[in-house]
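Below is one structure, written out as structure tokens, with a few remarks after it.
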There are 2 protein chains.
Amino acid sequence: MKLINQLSKETGLPIATIRFYEKSGLFKGQKKKGITTNNYTYYDDEVTEKLDLIRDAKSVGFTLSEIKELIDAWYNKRISKPKKMEILDAKLAQINDKIKELNAVKKQINYLKREVEKYDC
Amino acid sequence: MKLINQLSKETGLPIATIRFYEKSGLFKGQKKKGITTNNYTYYDDEVTEKLDLIRDAKSVGFTLSEIKELIDAWYNKRISKPKKMEILDAKLAQINDKIKELNAVKKQINYLKREVEKYDC
DNA sequence: ATAAAGTATGAAGCATACTTTATACTTTAA
DNA sequence: TTAAAGTATAAAGTATGCTTCATACTTTAT
């Protein structure tokens with residue numbers, strides 16, 4: 001169980017960002033029972049995993065609400081197994097589409113390179 | 001030479017979005033010489049190509065300023081050829097990184113699927 | 001000729017995703 | 001023991017990328 005500072009170091013995300021994500025409902029920390037002197041929030045390894053997923057998914061263009069769906073499909077107990085699989089499969093399809101689009105953009109850029117090579121003097 | 005309405009139809013982008021992109025310096029239309037009755041802006045096929053590139057690049061997570069770089073590398077005459085090639089190659093590398101990250105996220109989602117399959121009953 | 005549709009422009013509004021600030025309390029290290 | 005560093009919370013501020021609105025003029029179709 002770690003505090004937010006350690007979580008930040010492990011994930012490479014700023015503390016303020018982590019708090020923002022937590023406030024957005026992407027995960028939850030816990031208050032330690034029995035401690036009355038402070039109000040600190042503790043995080044377990046699952047949160048680290050979730051933050052890694054958030055970071056990676058964000059970097060390829062998923063929005064926070066898309067990522068929330070993904071995380072809910074992973075760990076929300078009120079979602080049925082078939083529904084979860086459906087969501088995960090939809091995300092996989094979305095990723096495959098993105099890869100296709102990236103390859104298309106790649107093609108376009110290679111075309112631009114040839115154009116620059118040809119005409120730009 | 002087309003008006004904004006036709007450009008919108010060709011690219012599938014809303015007129016307001018096209019105007020916003022033009023205002024952001026991603027491309028320029030032209031005022032027709034000799035016409036004094038109106039103030040309409042005309043666009044040539046190059047603008048259509050640029051908008052297609054913008055649409056595709058955006059859909060895979062490029063920001064407008066990254067896309068601006070890309071377009072400048074393609075058609076800004078004040079940028080030297082080697083510099084252009086450098087920018088285009090950097091973009092290609094960025095795309096390859098994105099593809100790698102997408103494959104990583106794909107892996108993660110497949111892991112989630114196995115987890116759901118195993119433990120979620 | 002006139003109503004509907006298209007174009008131009010500036011400004012305001014909005015959603016997403018943070019980031020910064022302010023304030024206050026807690027823990028830790030010298 | 002006290003100054004520095006860490007934590008919590010709410011609220012305001014910022015950047016990006018649009019979208020909507022208001023107003024006004026132009027073109028097109030009937």
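A note on names: the letters A, B, ... follow the listed sequences, proteins ahead of strands, and every chain is numbered from 1.
The side chain of Thr41(A) contributes no N or O atom lying less than 4.0 Å from OP1 or OP2 of dT7(D). Proximity of Arg19(A) to the phosphate of dT9(D): no side-chain N or O atom is located under 4.0 Å from OP1 or OP2.
Within the 3.5 Å criterion, the main-chain N or O of Leu13(A) finds no donor-acceptor partner in the side chain of Thr17(A). In this structure, the side chain of Lys81(B) engages the main chain of Glu117(A) through a donor-acceptor pair within 3.5 Å.
Listed by first and then second residue, the salt bridge (charged side-chain N to carboxylate O under 4.0 Å, His left out) pairs involving residues 90-103 of chain A are Glu69(A)-Lys91(A) (not counting sequence neighbours). Pairs of residues two or more places apart, or lying in two chains, that qualify as salt bridge (charged side-chain N to carboxylate O under 4.0 Å, His left out) and include a residue from residues 9-34 of chain A are Lys2(A)-Glu10(A).
For Lys113(B), the salt bridge (charged side-chain N to carboxylate O under 4.0 Å, His left out) partners are Asp89(A), not counting sequence neighbours. Evaluation of the side chain to side chain donor-acceptor pair (under 3.5 Å) rule for Asp44(A) yields Gln30(A) as partners, not counting sequence neighbours. For Asp52(B), the side chain to side chain donor-acceptor pair (under 3.5 Å) test picks out Arg55(B), with sequence neighbours left out. Partners of Asn103(A) according to the side chain to side chain donor-acceptor pair (under 3.5 Å) rule, which considers only residues two or more places apart in sequence or in another chain, do not exist here. Checked against salt bridge (charged side-chain N to carboxylate O under 4.0 Å, His left out), Lys68(B) has the following partners two or more places apart in sequence or in another chain: Asp72(B).
Note on the helix from dA1(C)-dT30(D) to dA30(C)-dT1(D): angle between the axes of the first and last five pairs equals 10°, rounded to 10 degrees.
With rounding to whole Å, Ile18(A) atom CD1 is found 16 Å from dT9(D) atom C1'. One atom, NZ of Lys32(A), and another, C1' of dT27(C), lie 14 Å apart when rounded to the nearest Å.
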Polar atom pairs between nucleotides 23-26 of chain C and protein, under 3.5 Å, N or O only, would you list them?
| from | atom 1 | to | atom 2 | distance (Å) |
| --- | --- | --- | --- | --- |
| dT26(C) | OP1 | Thr37(A) | O | 3.1 |

Taking only N/O atoms, report every protein-nucleotides 17-21 of chain D pair under 3.5 Å with atom names and distance.
| from | atom 1 | to | atom 2 | distance (Å) |
| --- | --- | --- | --- | --- |
| dG17(D) | OP1 | Leu64(B) | N | 2.8 |
| dC18(D) | OP2 | Tyr21(B) | OH | 2.7 |
| dC18(D) | O5' | Tyr21(B) | OH | 3.3 |
| dT19(D) | OP2 | Thr17(B) | OG1 | 2.6 |

Polar atoms only, N or O, under 3.5 Å: list the protein pairs with nucleotides 11-15 of chain D and their distances.
none

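Only Leu3(A), Ile4(A), Asn5(A), listed by number, bring a heavy atom of residues 1-13 of chain A to less than 4.0 angstrom from any atom of DNA chain D.
Under 3.5 Å, the side chains of Lys84(B) and Asn76(B) contain no donor-acceptor pair of N or O atoms.
Salt bridge status for Glu86(A) with Lys83(A): present, with a side-chain N to carboxylate O gap under 4.0 Å.
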Under the side chain to side chain donor-acceptor pair (under 3.5 Å) criterion, do Gln94(A) and Glu66(A) qualify, and how do the steps go? CA-CA 11 Å; Gln94(A) 208 180 333; Glu66(A) 284 170 335; 2.9 Å; yes

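Leu64(A) contributes atom CG, which lies 12.0 Å from atom CG of Leu70(A) (distance to the nearest 0.5 angstrom).
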